Enquirer: 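Here's a structure for you.
Each chain gets a letter, A, B and so on, in the order the sequences are listed, and its residues count up from 1. What you see is a predicted model; the values in this text were computed from it and never measured.
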2 protein chains.
Amino acid sequence: MDETLEPIRQNFVDGMSGISQFWGLPKGMGAIFAVLYLSPAPLSLDELVEETGLTKGAISTNVRGLSRMGLIRPVTRLADRKDYYEAETDFYKAVRSILKERQSSEFDRAVSSVREAISKLEASAGADESERAFLIERLKALQSFFDALDTLSSAVMRLDSLGMATIQNVLKILK
Amino acid sequence: MDETLEPIRQNFVDGMSGISQFWGLPKGMGAIFAVLYLSPAPLSLDELVEETGLTKGAISTNVRGLSRMGLIRPVTRLADRKDYYEAETDFYKAVRSILKERQSSEFDRAVSSVREAISKLEASAGADESERAFLIERLKALQSFFDALDTLSSAVMRLDSLGMATIQNVLKILK
DNA sequence: TTTGTCGTTTAGTATGTACTAAACGTAGTA
DNA sequence: TACTACGTTTAGTACATACTAAACGACAAA
């Protein structure tokens, strides 16, 4: 690697680490992704150890997380027991993958929690009428907001089939 | 408060706490917002202490954070030294406010970090040519992705002026 | 089988942070 | 002035978690 370019790369890696922990992810993830993203060839775990300064254990767990989110991709070479990884360069694909990940876990729980609360409230006659009505109203407003988010999210996840032209259309409306 | 409704409310509060810490925010924030959102009238700090079980200190700092994000709003009553707070019920307004908050802080730093890297790279002639070209290509791809995000984000922030019809249009395209 | 090279897992550690408890500052009230 | 009722700030604590170091398991080669 050219020494002139090294500080620039290092700065980029630091920046991505910052973003990473800003979004609540381990900063090692950001660093690993940054290194892979600026690498012309897939890298092995040991090479990542070399480049990031993290230990193999940390690399192992973070790499698994990044794979699960679709931000990096394992590359296997025949007759080579090492695992190699490369960065996903299609960010829209990565965004979809991340949304899919997050969606399933916690967001759904929140949505169904609200839905459950509403149906319980509607079932509980005999309680204070005005307060009950108020709670139902508030929760339904929240629910419709969640629905909008859900529509948006699942729309984005289907974005590959809709084609990149869709993104342009949306941006044109918003611009 | 009707005792029949209490467990439902409590369940909702717990759920919002969960979401809150899932998104990297203190779970106390979620709880406070939930309590305020389900309250017909604005609540004072001491009432929030009562409802959430947190101490006044924690309430104080979390309430400040929620205000800054635009998720709740202070309400002052004449001839009453207490501060009261109520939840923002326009979630789109809250989203805009949160985006504005996040945008300014870390995202911009990332964007300008990439831009800076690119211009440094373009200035550093004499270095390894093929690698330099590769880095520039990758960073420019990342930059255009950031630009798209930025366009989207600032568009959402201007969404009140564009009107709610815009949201409908966007969702129609995506649906 | 033994040996070496992988990735994974585990136990321990350090760091950040959200909280509690209590002191504090401030502004109305007697 | 002293007193009271607030919200804020600070010092300390508990807890979560991302990491290190090292043991472990799997697998291919000798």
Side-chain angles (χ1 to χ4, degrees), chain A residues 13-14 16-36 42-69 71-86 102 105-106, chain B residues 13-14 16-36 42-69 71-86 102 105-106:
Chain A
V13 171
D14 291 344
M16 291 300 284
S17 302
I19 295 194
S20 186
Q21 70 175 352
F22 179 73
W23 289 104
L25 300 171
K27 69 173 196 271
M29 277 195 182
I32 293 172
F33 176 80
V35 165
L36 288 177
L43 298 179
S44 68
L45 285 197
D46 284 315
E47 287 168 321
L48 284 172
V49 169
E50 173 89 11
E51 296 287 334
T52 61
L54 299 175
T55 59
K56 231 161 51 160
I59 299 283
S60 178
T61 61
N62 281 325
V63 149
R64 204 183 318 149
L66 285 168
S67 283
R68 210 161 34 89
M69 292 194 296
L71 280 167
I72 68 175
R73 203 176 7 215
V75 177
T76 55
R77 289 180 182 167
L78 294 175
D80 191 339
R81 286 164 49 203
K82 288 203 186 95
D83 299 344
Y84 294 86
Y85 294 91
E86 66 183 6
R102 297 227 140 181
S105 52
E106 189 73 11
Chain B
V13 171
D14 291 343
M16 292 300 285
S17 301
I19 295 193
S20 186
Q21 70 175 352
F22 178 74
W23 290 104
L25 301 170
K27 69 173 196 271
M29 278 195 181
I32 293 172
F33 177 80
V35 166
L36 288 177
L43 298 178
S44 68
L45 284 197
D46 284 314
E47 285 167 321
L48 284 172
V49 169
E50 173 89 11
E51 296 288 333
T52 60
L54 299 176
T55 59
K56 232 161 52 160
I59 299 283
S60 178
T61 60
N62 281 326
V63 148
R64 203 183 317 146
L66 286 168
S67 281
R68 208 161 35 88
M69 291 194 296
L71 281 168
I72 67 175
R73 201 172 10 209
V75 177
T76 54
R77 290 178 181 167
L78 294 176
D80 190 339
R81 285 163 50 201
K82 286 202 185 95
D83 298 345
Y84 294 86
Y85 295 91
E86 66 183 6
R102 296 228 142 180
S105 51
E106 189 71 13

Enquirer: In whole Å, what is the span from the CD1 atom of A/Ile32 to the C1' atom of D/dA18?
Expert: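 One finds 12 Å between C1' of D/dA18 and CD1 of A/Ile32, rounded.
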Enquirer: Mind checking if A/Gly65 touches a base, just sugar-phosphate, or nothing, with heavy atoms under 4.0 Å?
Expert: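 Answer is nothing: A/Gly65 stays at 4.0 Å or more from every strand.
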Enquirer: Base, sugar-phosphate or nothing for B/Gly57? Non-hydrogen atoms, less than 4.0 Å.
Expert: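 Contact class for B/Gly57: base.
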Enquirer: Grab the CH2-P distance between B/Trp23 and C/dT17 for me, whole Å please.
Expert: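 Value for this atom pair: 20 Å.
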Enquirer: Just by modelled atom types, is the A/Lys56 backbone N or O under 3.5 Å from a matching donor or acceptor in the A/Ser60 side chain?
Expert: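 Checking the backbone N and O of A/Lys56 against the side chain of A/Ser60, no donor-acceptor pair under 3.5 Å is found.
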Enquirer: Would you indicate which nucleotide in D/dT9, C/dT9, C/dC19 comes nearest to any side-chain atom of A/Thr61?
Expert: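 Out of D/dT9, C/dT9, C/dC19, the nucleotide with an atom closest to A/Thr61's side chain is C/dT9.
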Enquirer: Taking all non-hydrogen atoms of both residues, which atom of A/Leu36 and which atom of A/Tyr85 are closest, and how far apart?
Expert: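 It is CD2-O, 3.3 Å.
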Enquirer: With no angle test and no hydrogens, is the base of D/dA5 tied to the side chain of B/Arg81 by a donor-acceptor pair under 3.5 Å?
Expert: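 Present.
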Enquirer: Provide, to the nearest angstrom, the distance between the CD atom belonging to B/Glu47 and the C1' atom belonging to D/dA5.
Expert: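 Checked: the CD to C1' distance equals 15 Å.
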Enquirer: Of the nucleotides C/dT9, C/dC19, D/dG7, which one has an atom closest to the side chain of A/Arg64?
Expert: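 Looking only at side-chain atoms, A/Arg64 lies closest to C/dT9.
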Enquirer: When you measure from the side chain of B/Ser20 to the backbone N and O of B/Pro26, does any donor-acceptor pair fall under 3.5 Å?
Expert: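 Between the backbone of B/Pro26 and the side chain of B/Ser20 there is a qualifying donor-acceptor contact (under 3.5 Å).
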Enquirer: Starting at atom CG of A/Asp83, determine the distance to atom C1' of D/dC27, rounded to an integer number of angstrom.
Expert: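 So the two atoms are 13 Å apart, to the nearest Å.
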Enquirer: Once you round it to whole Å, what is the distance between P of C/dG7 and CG of A/Leu45?
Expert: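 Nearest whole value for this atom pair: 4 Å.
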Enquirer: Check every atom of D/dC19, C/dT9, D/dC6 against the side chain of B/Lys82 and return the nucleotide holding the closest atom.
Expert: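 That would be D/dC6.
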Enquirer: Among D/dC6, C/dT20, C/dT9, which is the nearest nucleotide to the side chain of A/Ser60?
Expert: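 For A/Ser60, the side-chain atoms sit closest to C/dT9.
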Enquirer: Show the nearest heavy-atom pair for residues A/Met29 and A/Leu66, with the distance to one decimal.
Expert: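 So the minimum-distance heavy-atom pair works out to O-CD1, 3.7 Å.
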Enquirer: Between atom CD1 in A/Ile59 and atom P in D/dA22, what is the gap in whole Å?
Expert: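 It works out to 18 Å between those atoms.
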Enquirer: Counting heavy atoms from C-beta on, name the nucleotide in D/dC19, D/dT9, D/dT20 closest to the side chain of A/Pro26.
Expert: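 Nucleotide nearest to A/Pro26's side chain: D/dC19.
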Enquirer: Between C/dC6, D/dT20, C/dT20, spot the one nearest the side chain of A/Asp46, thanks.
Expert: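 So the side chain of A/Asp46 is nearest to C/dC6.
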Enquirer: Kindly compute the distance separating CD1 (A/Ile32) from CG (A/Leu71), expressed to the nearest 0.5 Å.
Expert: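 Answer rounded to 0.5 Å: 11.5 Å.
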Enquirer: How long is the line joining NZ of A/Lys56 and P of D/dC24, in whole Å?
Expert: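 Whole-Å distance recorded here is 16 Å.
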Enquirer: Distance check needed: C/dG7 P versus A/Asp80 CG, whole Å only.
Expert: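 Interatomic distance, CG of A/Asp80 to P of C/dG7: 9 Å.
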